[in-house]
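Below you'll find the structure, written out as structure tokens, and then a few comments.
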Amino acid sequence: MQVETAIFQGLNSLTLISILFLVAIGLTITFGLLGIINLAHGEFFMLGAYTVVLGAEIGLPVVVVLLVTPLVVGVIGGAVEQLVLRRLYSRPLDTLLATWGLSLVIRQLVLIAFGARQRGSEALFSGTVEIAGVGYPAYRLFIVGVAVTVAIAVFAWVYRSSFGVKLRAVIADRDMARALGINTRGVDRMAFGVGAGIAGLAGAVIAPLGTINPNMGLPWLIDSFLVVIVGGQASAGAVAGALFIGGSESTLAFFMQPVVASVLVLLIAIVALRLRPQGLAGAGGGSS
Amino acid sequence: MSATVAAPRRARGRPALMRVGVIVVVAAIAAAIPAVASPYAVSLTTRFVVFSILALSMDLLWGYGGVVSFGHALFFGLGAYAVAITLTFVSGAGGTLLSLALGVLVPSLLALGLGYFLFYSSVSGVYFGIVTLALAVVLETLAVVNRDFTGGMDGLYGFAIPTIWLPGVGDIEVWGVTNPYITAVLALALSFAIARWVTRSAFGVAIRAIRDDEQRLELLGYHTAFLKTALLVITCAMAGLAGSIYTTVGFVSPQLLGVFFSTQVLVWVGIGGRGTLIGPILGAILVGTLETILSGEYENIWPLFVGLFFLLVVLFWPAGLYPYLERIPAQVARSVGARRGP
């Protein structure tokens, strides 16, 4: 009995870590590249969940919706970058404010379009899988699989593709990259779009686990931040941060109220910021 | 010809006269409102006056200090909850004094802790914005969930009536319509005086310099982390004072702690004009009035407006309304001068 609880709890931690990674990796990409934090990130997540609602209303198969969602939300992200963020790259604090204003606008437009009521969505499949004598929902394991796939894809994209070379060149030295003929504007827009697209995918994949409403993005935004704060700006930081935040949150939530657990996790993150400003995965000093 | 010669002397004399005139007019309007307006209008004005204090403190932090906080209302709400919880257990003039002390002290202590962990760490200001956002979300949820202590979603009400004891007068209940109004106006005057003193002191100059170029100040030997922490504590104490006085409406609710309220405070300051002392007060009153008109009829439209205001201020209109207001005295002076003739 004790062992089974431990296994179940361990699998829950694994799912939460995967979910946190999926939601936060997009934020890490834009933060690492552009040095700005996108407060509308939670809304891209929410838009992803609503594409599932919309897809179900039109009658599209869930598989198709899951494949189309990253593209739709990614294009929206690219448009946001072009219309709003482009003007603000030299002013990080104003970017914070502008994306926050944008998140309110997106949230409210969705509220007006879809209404405030909670929506549900159908999972790709259901059923349980037996692991070491413990029955566990198969869909949750599917989410772990998606997270691992996305992690590998992002790694390949950044370190093994020709676009990744340009991306890393822009991160290393923007002016030099432009002088070498790299379209830095295009790289910015692409990176932001991909970050938004992954957030949308996360929203679509995670939607069946809970309810869908226009305000669902905010808690995920907060968790993504904590991941980035603790993990640092590097791509590997999302993994380290998700492991740390997901692990401590699911462990603490097992012993106490979820809210108290999130207060504690936030306090841990603040202390971690003081002790290790560059994040768990960061090498040099913190950003000044 | 003679007019051009006389101009410099007039320019010296007029602003001082104008300032005294403005103070007299504002004081007269403030004094006349409870006598003229309906009880509803006076109560609404009291709210706006309290919100003006909050906006002023936000402006000191953001407009002057360049520190972006998405949780400034959290300190307002903490002050309000501290007073309401204290008054639930103790009453009378002594209890009120204790509650007021806690209403200012509790937010200040949280500010001190935040300043120590975030400003003394070598992370950018972006992190401060994120952490305050997270803190506001988490603490609002905590206030909703913990029903025993904070009353949950309903908030707190039915606590003891705040009472002020004055020598020669005795106990005054700060309740109803007029007394809360007078208290709020006096608190705003006090806050304005403090803000004015802060911005004009050497401390204020250093704070503005940090906003413009923190690294340079550090290289000049200033302890910028200490200065920013001091600014945060002062502004959060002011927000706590505003929250304490807000309790005279008779109830406090978790929304006071929340992110959306903090967002609105940023909008007041942004629309009114950050980095000025009048701008935030103007913004709190104008945007607050707009909210009262709009949110009654179209509940979903108001947050949309707040979001659009935000984008507007950040992208196209960083100075806000204040520059237009600043031009008025000169225009008045010009038109008065023109009427008098050369």
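Since the structure is predicted, the reported quantities are computational estimates derived from the model, not experimental observations. Chain naming here is simple, since letters A, B, ... match the order of the sequence lines and numbering starts at 1 in each.
- With a 4.5 angstrom heavy-atom cutoff, B:V126 touches chain A via backbone and side-chain atoms both.
- Heavy atoms only, all atoms of each residue included: A:L93 and B:G66 are closest at CD1-O, 3.3 Å.
- Distance check: B:F309 CZ to A:L104 CG gives 12.5 Å after rounding to the nearest 0.5 Å.
- Annotation: cation-pi geometry not satisfied between A:R274 and B:Y120 (NZ/CZ under 6.0 angstrom from ring centroid, within 45° of ring axis).
- A pairwise comparison of heavy atoms in B:L315 and A:R87 identifies CD2-CD, 3.8 Å as the closest pair.
- Between A:L218 atom CG and B:F260 atom CZ the span is 12.0 Å, to the nearest 0.5 Å.
- Evaluation of the side chain to side chain contact (heavy atoms under 4.5 Å, CB included) rule for B:L282 yields B:L286, B:L321, B:L325 as partners, not counting sequence neighbours.
- Applying the 6.0 Å contact sphere to CE of B:M153 captures no more than 12 heavy atoms from other residues, nucleotides or ligands.
- When the candidates A:V105, A:L97, A:V259 are compared by the number of heavy-atom contacts under 4.5 Å with chain B, A:L97 comes out ahead.
- Rounding to the nearest 0.5 angstrom, the gap separating the CG atom in B:L142 from the CD atom in A:Q257 is 7.5 Å.
- The CG atom of A:L96 sits 12.0 Å away from the OH atom of B:Y127 when rounded to the nearest 0.5 Å.
- Nearest heavy atom pair, residue A:L266 against residue B:A134, reads CD1-CB, 3.7 Å.
- Across every non-hydrogen atom of A:G101 and B:L311, the tightest pair is C-CG, 4.3 Å.
- Residue A:I106 does not touch chain B at all, counting heavy-atom pairs closer than 4.5 Å.
- Pairs of residues two or more places apart, or lying in two chains, that qualify as side-chain hydrogen bond (donor to acceptor under 3.5 Å, both in side chains) and include a residue from residues 254-276 of chain B are A:W100-B:T263, B:S253-B:Q255, B:Q264-B:E291.
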